[in-house]
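Below is one structure, written out as structure tokens; the observations come after it.
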Protein chains: 2
Amino acid sequence: MAKSHSVNTEPAQLPTQSTDAPVCAESLVHLDNVRQVQPEVLSTEKAQRMAEFFSALSDPHRLKLLSALAPQELCVCDLAAAVKMGESAVSHQLRVLRSQRLVKYRRQGRNVYYGLADSHIAALYREVAEHLKES
Amino acid sequence: MAKSHSVNTEPAQLPTQSTDAPVCAESLVHLDNVRQVQPEVLSTEKAQRMAEFFSALSDPHRLKLLSALAPQELCVCDLAAAVKMGESAVSHQLRVLRSQRLVKYRRQGRNVYYGLADSHIAALYREVAEHLKES
DNA sequence: TTCCTGCCTGAATGGTTGTTCAGATGAGGA
DNA sequence: TCCTCATCTGAACAACCATTCAGGCAGGAA
């Protein structure tokens, strides 16, 4: 997933002391601005986790699966039929969604029923739909 | 970006008529469930657009950039310093964020100042942070 | 005009992801 | 026990993405 290459940049410290004159090796940096903003910058850890979460949502097939699960629980073979994918492919994608706790599942007989994990997902979905509408 | 391979599956029609007996070529599908859910399934088009949007957010470097832009506007070189990336890399990533209208920018003298595009982004961010907190 | 600076872009490379096929697991029924 | 069905998993290949380096472009100053 979003293990996009290496991220070895910690929030980190700057020369620590005043004078907003150009000090940085490259470019004319506004040191005061940079210092002001740095505490707000996500830690590499958190950025990584969040990136993995979004990465799970960054595939049209997985989004279709989620939209199919919005109204009700479905088992894997029903899901496959609903979004017109192979069952193996669905299974693989469901694993990704599970790993980010976007879906929950329960076994009933020989079927496994999947559903949306919680309400944040729906809220998030609406937020994005809103943003995209204003294209 | 999330142009993840080909997506050639339209919502599509099923045999159209009743009897929830197994009809599908593979597996024992619950036809009634499938039909009930199908209208809710995202169209390929919308799924694609949404996937591209999430894909823009699925990289830790870009998330760091966004978090740095949350409190205030910054020019490219300041951004680069704040998240400790090269300016070229920042520029590439900003292009991705621009393409999804996650950031806006304005030129002032020789600097280009970037900022968050709108309030949906902040709301979305909070939603996800909430979800991840409940790990 | 010429130089310098801040930013953007194109191309090449190495890592990552999604798909497919084959086989494995596990539950239910005979 | 054996068989079948629903689902999961592993491996391999093709497509995609992020990074780097090099160079290009536009604004400001002299």
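Per chain, numbering begins at 1; letters A, B, ... match sequence-line order.
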Exercise for review: Can you sort out the partners of B:Val76 under side chain to side chain contact (heavy atoms under 4.5 Å, CB included), two or more places apart, ordered by chain and number?
Suggested key: B:Val90, B:Leu94, B:Tyr114

Exercise for review: Say whether, by atom type as modelled, one donor and one acceptor occur between the side chain of B:Arg62 and the main chain of A:Ala51 under 3.5 angstrom.
Suggested key: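 No.
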
Check your understanding: Backbone N or O of A:Ser55 within a donor-acceptor pair of the A:Ser58 side chain at under 3.5 Å?
Key -> yes

Study note, to complete from the structure: Rounding to 0.5 Å, atoms NE2 (B:His61) and OG1 (A:Thr44) come to a distance of 7.5 Å

Practice item. Calculate, to the nearest 0.5 Å, the distance between atoms CZ and SG belonging to B:Arg110 and B:Cys75 respectively. Key: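 Interatomic distance, B:Arg110 CZ to B:Cys75 SG, rounded to 0.5 Å: 12.0 Å.
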
In whole Å, what is the span from the [atom1] atom of [X] to the [atom2] atom of [N]?
X	N	atom1	atom2	answer
A:Leu97	D:dT7	CG	P	16 Å
B:Leu94	C:dG6	CG	C1'	13 Å
B:Tyr105	C:dG6	OH	C1'	15 Å
A:Leu65	C:dG18	CG	C1'	13 Å
B:Met85	C:dC8	CE	P	13 Å
A:Gln93	C:dT19	CD	C1'	9 Å
A:Asn111	D:dC8	CG	P	10 Å
A:Lys64	C:dT19	NZ	C1'	16 Å

Review point. DNA chain D: A:Tyr113 or B:Ala89, which has the more 5' nearest nucleotide?
Key: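 With A:Tyr113 and B:Ala89 compared, the 5'-side residue is A:Tyr113.
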
Polar atoms only, N or O, under 3.5 Å: list the protein pairs with nucleotides 9-12 of chain D and their distances.
residue : atom : partner : partner atom : Å
D:dT9   : O4   : A:Ser88 : OG           : 2.9
D:dG10  : O6   : A:His92 : NE2          : 2.9

Exercise for review: Evaluate the criterion salt bridge (Lys or Arg N to Asp or Glu O under 4.0 Å) for residue pair B:Glu52 and B:Arg49; output intermediate values, then yes/no.
Suggested key: CA-CA 5 Å; B:Glu52 282 167 19; B:Arg49 279 183 60 199; over 6 Å; no

Show each protein N/O and nucleotides 24-28 of chain D N/O combination with a separation under 3.5 Å, one pair to a line.
residue : atom : partner  : partner atom : Å
D:dG27  : N2   : B:Arg110 : NH1          : 3.3

Side-chain donor-acceptor pairs under 3.5 Å in residues 65-74 of chain A, sequence neighbours left out?
residue : atom : partner  : partner atom : Å
A:Ser67 : OG   : A:Leu63  : O            : 3.4
A:Ser67 : OG   : A:Lys64  : O            : 2.8
A:Ser67 : OG   : B:Leu42  : N            : 3.0
A:Gln72 : NE2  : B:Gln36  : OE1          : 3.3
A:Glu73 : OE1  : A:Arg106 : NE           : 3.1
A:Glu73 : OE1  : A:Arg106 : NH2          : 2.6
A:Glu73 : OE2  : A:Arg106 : NE           : 3.1

Review point. Does A:Tyr114 put a side-chain nitrogen or oxygen below 4.0 Å from OP1 or OP2 of D:dC8?
Key: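 So the side chain of A:Tyr114 is within the cut-off, an N or O lying under 4.0 Å from OP1 or OP2 of D:dC8.
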
Point to revise | Closest listed nucleotide, where the reference is the side chain of B:Arg62 and the choices are D:dT7, D:dA18, C:dG18 | key: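 Taking heavy atoms from C-beta onward, the closest nucleotide is D:dA18.
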
Check your understanding: Taking only residues two or more places apart in sequence or in another chain, which ones pass salt bridge (charged side-chain N to carboxylate O under 4.0 Å, His left out) with B:Glu127?
Key ->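 Counting only residues at least two positions away or on another chain, B:Glu127 forms no salt bridge (charged side-chain N to carboxylate O under 4.0 Å, His left out).
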
Review point. For B:Arg107, what residues pass the side-chain hydrogen bond (donor to acceptor under 3.5 Å, both in side chains) criterion, not counting sequence neighbours?
Key: none

